[in-house]
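Here's the structure, in structure tokens; my notes come after.
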Amino acid sequence: MPFHKERPLVVQNDFCILLETRHPDFDEVRAGLMRFADLVKSPDNIHTYRMSSLSLWNAAAAGVTAEEVTDFLERWAKFGVPAAVRQDIRRFIERYGLVRIEKLGEDLLLISEDVDVIKEMVSYKSLRSYGLCQVDTQTLRFSSLHRGMLKQELIKLGYPVEDLAGYSQGESLPIRLKMEDGEEGTFSLRDYQHKAVESFYKEGSLRGGSGVLVLPCGAGKTVIGIAAMGRLGCATLILTSNSTSVRQWKREILEKTDVSEDMVGEYTGALKEVRPITIATYQILTYRKSKDDPFVHMDLFNKRDWGLIVYDEVHLLPAPVFRMTAEIQATRRLGLTATLIREDGREDDVFSLVGPKRYEMPWKDLETKGWIAGVECVELRVPMPDHVRESYETADARQKMRCASVNPLKLDAVDDLLRKHPTEPVLIIGQYLEQLHQIAERTDAPMISGEMAHEKREKLYSAFRSGEIRVLIVSKVANFAVDLPDAAVAVQVSGSFGSRQEEAQRLGRILRPKSGANQAYFYSIVSEDTKEQEFALNRQLFLIEQGYRYRIESMNVTTKRNEEGAAAK
DNA sequence: TAGCTCGAAA
DNA sequence: AATGATTCGAGCTA
């Protein structure tokens with residue numbers, strides 16, 4: 001077998017791909033890999049990617065062929081691509097579209113040119129309850145009621161169905177987008193926003209009309225959603241993760257379209273309006289009196305003839321909403337998210353019920369184009385003072401994390417960082433209130449936590465925005481607050497177990513373009529040689545996949561130790 | 001209709 | 001596998 005020492009990839013039999021991070025073509029290769037593989041490990045020198053059935057199916061749905069994947073791997077691999085892997089890639093990619101759903105009158109057809117596949121379907125016990133009737137050797141017929149459930153079941157059996165049964169138009173609602181520049185009839189969408197809408201919906205094509213658009217924080221997901229609504233011109237139900245976001249959607253719709261206020265409804269705990277454009281939280285949909293009781297508000301899906309359902313932050317979509325979504329497969333569905341990763345591993349349900357990935361904008365690409373700031377990511381490791389180390393070692397597994405997270409030496413690290421960035425706006429973000437209170441006391445900076453009234457938060461936000469306050473300390477509220485102002489420096493003093501989403505969300509807080517060098521800084525402070533350090537690694541995965549690199553720094557503590565010793569006496 | 005407490009969720 | 005903080009929505013009170 002030929003050996004190309006200078007190439008950066010090793011393709012393994014187990015579907016893992018190793019990428020040398022120091023290779024000169026690293027960026028190009030990483031960008032290519034992320035079309036069809038997920039990053040699973042990211043130590044300094046070698047990143048491990050893994051192809052999965054789902055990552056290949058998403059690629060296939062985006063039109064990537066098996067040849068493109070294997071040619072790409074072949075071009076960069078040191079030892080070529082093992083024949084078995086090559087074969088499996090082909091097998092997986094060709095699975096997408098091997099079975100498709102089409103419409104026939106009131107019923108639907110499951111069609112495959114491969115008669116053996118149809119034979120296989122008929123033999124599956126788990127498919128019996130969907131009442132599949134054989135029409136001919138290539139076709140099965142079933143009731144449209146089962147469209148979603150069947151797709152969900154089939155993906156589990158390894159058949160990602162291509163759904164070409166089309167959609168109902170829904171109640172018509174002309175929506176004109178307000179023009180920001182002079183040209184008649186155009187709306188000033190950024191180039192990639194336009195492409196994203198195009199890849200979701202193509203006029204006159206059965207392909208598209210449902211699916212997920214993956215865009216970084218700050219890429220203007222709301223604008224894209226609104227543009228899709230304008231394109232389809234129909235009654236729309238928008239589901240989102242919290243009530244601040246509900247108001248944000250409403251504000252932007254009124255601002256960017258000619259839709260009048262009485263056409264836009266909020267469906268939340270406080271208000272129960274059902275209007276041609278309705279915005280609801282996931283939480284109200286999943287509300288029930290107690291376990292085993294029915295969902296009180298789930299019929300919002302049927303309260304109007306929706307032509308489009310927008311799932312904002314689709315990676316947070318709760319299980320009961322999946323169930324409902326399975327029943328409304330004839331309605332167009334648009335998922336918006338910064339990451340397809342779900343911490344609960346239900347990515348295949350997103351694929352079969354909301355739709356495949358239609359578009360993905362890597363964060364680094366936005367940075368290159370100047371739409372977001374460049375970020376220097378640093379993992380700052382601090383040692384633990386001896387007495388803390390002692391209680392860490394003796395603590396049981398559940399207390400270890402907390403012990404490491406609230407390491408008092410982190411306070412010194414925060415001081416150092418504030419000295420290092422004496423003029424830029426700084427957000428300090430953490431998970432334990434006690435720790436944040438300590439920092440607030442030491443730095444004399446205001447702190448916002450969940451118990452603070454929203455009115456008071458607003459005041460602090462605007463003081464921070466205007467520069468009156470330079471340092472702001474925030475608890476987990478930062479994960480939800482859409483109106484939290486942007487900063488140039490984020491210091492994460494603690495975070496929850498391994499939440500990749502949270503890390504991404506927090507980094508998102510400093511991405512807005514900066515004047516001057518357009519540079520921001522993200523510091524993650526962790527206790528050296530602890531569980532926390534391990535979890536930090538997992539948290540970073542998603543951002544590393546997006547092309548960010550963490551630089552590891554250790555705090556110089558000889559002087560700190562002495563101070564600590566002196567203070568103890 | 002605002003302000004409160006409560007349980008549930010992720 | 002798991003923590004702790006937070007938010008939401010309902011239901012009660014006045």
Side-chain angles (χ1 to χ4, degrees), chain A residues 239-248 266-273 279-300 311-323 337 339 341-347 349-350 392 395-407 428-440 447-458 473-484 492-506 526-527 530-532 534-536 538-539:
Chain A
L239 306 177
T240 188
S241 53
N242 59 55
S243 61
T244 328
S245 170
V246 169
R247 284 192 294 278
Q248 165 125 345
E266 291 181 39
Y267 197 94
T268 60
L271 283 162
K272 300 277 186 299
E273 303 162 339
I279 313 157
T281 58
Y282 286 125
Q283 212 159 342
I284 198 162
L285 288 176
T286 55
Y287 177 81
R288 45 185 169 178
K289 271 206 158 53
S290 66
K291 264 197 204 170
D292 310 324
D293 275 341
F295 299 99
V296 186
H297 297 292
M298 211 48 104
D299 64 336
L300 183 56
Y311 298 84
D312 193 14
E313 317 272 9
V314 74
H315 61 284
L316 299 174
L317 194 156
V321 179
F322 273 125
R323 244 169 284 151
T337 185
T339 162
I341 304 163
R342 292 181 60 99
E343 310 293 351
D344 69 357
R346 293 192 62 167
E347 288 86 355
D349 287 322
V350 174
Y392 175 83
D396 63 31
R398 33 194 357 225
Q399 288 161 2
K400 275 199 158 72
M401 182 65 179
R402 177 165 197 145
C403 183
S405 292
V406 300
N407 177 0
I428 299 175
I429 313 172
Q431 135 123 336
Y432 301 98
L433 294 180
E434 180 199 8
Q435 178 184 41
L436 295 172
H437 280 298
Q438 283 171 13
I439 296 173
M447 165 187 162
I448 299 180
S449 76
E451 62 185 340
M452 183 181 278
H454 280 84
E455 213 178 320
K456 213 165 167 199
R457 296 184 201 185
E458 291 295 334
I473 302 166
V474 285
S475 69
K476 277 185 94 160
V477 288
N479 294 10
F480 308 90
V482 287
D483 40 5
L484 179 61
Q492 173 170 251
V493 291
S494 51
S496 64
F497 292 89
S499 173
R500 293 161 287 184
Q501 279 176 42
E502 190 177 81
E503 188 100 341
Q505 178 81 258
R506 289 174 172 184
V526 301
S527 292
T530 62
K531 279 249 173 295
E532 191 189 25
E534 286 169 41
F535 284 123
N538 191 48
R539 296 171 57 87

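Just so we're on the same page: letters track the sequence lines, and every chain starts at 1.
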Inset, instruction - Could you tell me whether the side chains of A:D293 and A:S290 share a donor-acceptor contact shorter than 3.5 Å? - result: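 Yes, A:S290 and A:D293 have a side-chain donor paired with an acceptor closer than 3.5 Å.
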Inset, instruction - Give a yes-or-no answer on whether the side chains of A:Q492 and A:E503 include a donor-acceptor pair shorter than 3.5 Å. - result: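 There is such a pair between these side chains.
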Legend entry - C:dA2 phosphate, OP1 or OP2, under 4.0 Å from A:R398 side-chain N/O: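 No, no such contact exists.
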Categorize [X] for me: base, sugar-phosphate, or nothing, with a 4.0 angstrom heavy-atom threshold over every strand shown.
X      : answer
A:S449 : sugar-phosphate
A:K400 : nothing
A:L316 : nothing
A:Y282 : nothing

Inset, instruction - Look only at the side chain of A:R539 and the backbone of A:S496, and say whether a donor-acceptor pair between them is shorter than 3.5 Å. - result: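 Yes; at least one donor-acceptor contact below 3.5 Å.
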SB check [X] [Y] (cutoff 4.0 Å):
X      : Y      : answer
A:R500 : A:E343 : yes
A:D344 : A:R342 : yes
A:E534 : A:K400 : no

Rounded off to whole Å, could you give me the [atom1]-to-[atom2] distance for the [X] and [N] pair?
X      : N      : atom1 : atom2 : result
A:N242 : B:dA9  : CG    : P     : 18 Å
A:L271 : C:dA10 : CG    : C1'   : 15 Å
A:N479 : C:dC8  : CG    : P     : 13 Å
A:Q283 : C:dT7  : CD    : P     : 11 Å
A:F497 : C:dA2  : CZ    : P     : 10 Å
A:I473 : C:dA5  : CD1   : C1'   : 16 Å
A:E266 : C:dC8  : CD    : C1'   : 14 Å
A:R457 : C:dA5  : CZ    : P     : 15 Å

Among [options], the one nearest [X] by side-chain distance:
X      : options               : value
A:R288 : C:dA10, C:dT7, B:dA9  : B:dA9
A:H297 : C:dC8, C:dG9, C:dA5   : C:dG9
A:P318 : B:dA9, C:dA10, B:dA10 : B:dA10
A:F535 : C:dA1, B:dA9, C:dT3   : C:dA1
A:Q431 : C:dG9, C:dC8, C:dT3   : C:dT3

Inset, instruction - Calculate, to the nearest 0.5 Å, the distance between atoms OG and CD belonging to A:S405 and A:Q399 respectively. - result: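 Result: 12.5 Å between the selected atoms.
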Nucleotides 11-14 of chain C: which of its N/O atoms have a protein N/O under 3.5 Å away?
residue	atom	partner	partner atom	Å
C:dG11	OP1	A:K289	NZ	3.1

Inset, instruction - State, with a plain yes or no, whether a side-chain heavy atom of A:D312 is found less than 4.5 Å away from one of A:L239. - result: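 Side chain of A:D312 against side chain of A:L239, heavy atoms only: no contact under 4.5 Å found.
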Legend entry - Earlier contact from the 5' end, DNA chain C, for A:S243 and A:K476: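 Going by which nucleotide is closer to the 5' end, it is A:K476.
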